[in-house]
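Structure, as structure tokens:
Note that ligands are numbered from 1 as they come in the structure, with each ligand's atoms numbered from 1 the same way.
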Amino acid sequence: MKYISTRGRSPAVDSAQAVLDGLAADGGLYLPEHLPEFDWQGCLACSPREMSARILAAFLPDIPHIPELVDSAYLGKFSTEELTPTVPVGDFTVLELFHGPTSAFKDVALCLLPRLLTAARRQKGMDGDVMVLTATSGDTGKAALAGFQDVPGIQICVFYPHGGVSQVQRAQMVTQPGRNVHVAAILGNFDDAQTGVKQIFAGQKDLPFPLSSANSINIGRLVPQILYYFKAYRDLLDSSTIRMGDRVNFSVPTGNFGDILAGFLAKEMGLPVGRLICASNANNVLTDFTRTGTYDRRRPLKKTTSPSMDILVSSNLERLLYLLTGDAGQVDKWMAELSKKGFYTVSQPVLEVIQEQFWAGCCDDEKAAQTIGKVYNQHHYLCDPHTAAGWAVAEDYIRETGDRRPMVVLSTASPFKFPEAVLQAIGGDLGGDGFRQMETLSTLSGIPIPANLAMLPTLPQRHCAVIAQADMLNFVRESMGN
Ligand SMILES: *Cc1c(COP(=O)(O)O)cnc(C)c1O
């Protein structure tokens, strides 16, 4: 199976190389030239780990021993064998993606990516270490650190904005153990950290070691996420909510468009998915795009209570545009317009296909808080602000379209990662620091704090570096030991 770039100006590579490279040389994203043939009904009969192995093997045929990689990624790391359980809440089914080691949905992919990278590295006969660079606004950093901890042949540097992440998120990162993990706070905001990382990538040729990426531009991070769409469908079959072949809608709290694109891939592989509902927060670029066909990033980024969705350029939308048009030259033009002018407009036929497959809406902080409060009061179910956006937009969708098919709302983070916003929404006491607020939330709701978060205050702080953006390259070199 060949992987090609969405911009069509890089040579095709095999799946192992696509995982190693992260980004194609022409700046595009890798996709298989043809989506794999897939026995989707057979997949539904499997256990979650077998489902994952089948999906990965279909997309990454050049990576050997996939079942073993999947077992070592997930066994003992998730708090349930189900990996991603579903819970019926009111009229919806909530798909809980936060039972991994860092209580964020990114764990599903970041437990696997390091193993895929290591296997790809071995497959290509590389012997030196690979350096994985990650700039984070909070969640990705910890999930990547936990996933890459002590994985042989790989070093990882995570950069987060000094004073720009929550207390809980900072504690998660600075207490991370592991011989190969390196963490620094950057004097600046998230953009400064991200720009610093991009500059290091741009000067890659002068470095004596290869770089890779842990974010969802990497196909090795996207493919593991297809699993839970299958798992959710299977749960609905098991509970007799649906019969085989019935279509199910999914509402997805969206930032970089990776999670929802995995749902689209599941549909393309045969899974009976109805509408994919793209839920944004007040940063509603995708809502405008899906309604008008114009993607316009020329607006200020708003800070919200759902920080993992605070994003104006959703990288994986580029993959969707390629999948829908098959026209790399056109995608290349749109992306050039986006970077030069700040916007592009797709043609009417392309917009119509997007609207057939997707529906988009947005939910500001106030509506998210109301939703958290309402869901808690009516169903005694606690959701985090990202999940609340998914819930609220799913309700808007049903109100506007009358589509009554079963609705699965993806829950992307534990409410205990955002205790302040959640307490505020359910009328709890906001006193004390983030750790105290987690305890208050637990007492109030009767739900235990996830173990990985509960023990944070007791762990030693290992990574206290605070550096200037200009010193990031030195930090990376020192971390690599040269
Ligand atoms: C990353 C993240 C999202 C957005 O996922 P994308 O794949 O970037 O669209 C939503 N919620 C949480 C909690 C996240 O960490």
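Proximity of a side-chain donor or acceptor of Arg275 to a complementary backbone N or O of Gln355 within less than 3.5 Å is detected. The backbone N or O of Val19 sits nowhere less than 3.5 Å from a side-chain atom of Arg221 that would complete a donor-acceptor pair.
In this structure, Lys302 does not pair ionically with Asp364, as no charged nitrogen and carboxylate oxygen lie closer than 4.0 Å.
You'll find the side chain of Phe148 reaches within 4.5 Å of the side chain of Leu113, heavy atoms only. At a threshold of 4.5 Å between non-hydrogen side-chain atoms, the residues Phe416 and Ile447 count as touching. Counting heavy atoms from C-beta outward, Asp259 and Leu97 have side chains that approach closer than 4.5 Å.
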List, pair by pair, the atoms of ligand 1 and of the protein that are both N or O and lie under 3.5 Å apart, giving the separation rounded to 0.1 Å.
unit_1	atom_1	unit_2	atom_2	d
ligand 1	7 (O)	Gly258	N	3.2
ligand 1	7 (O)	Asp259	N	2.9
ligand 1	8 (O)	Asn256	N	2.7
ligand 1	9 (O)	Gly255	N	2.8
ligand 1	9 (O)	Asn256	N	3.1
ligand 1	9 (O)	Phe257	N	3.1
ligand 1	11 (N)	Thr412	OG1	2.8
ligand 1	15 (O)	Lys106	NZ	2.5
ligand 1	15 (O)	Asp139	OD2	3.0
ligand 1	15 (O)	Ser308	OG	3.3

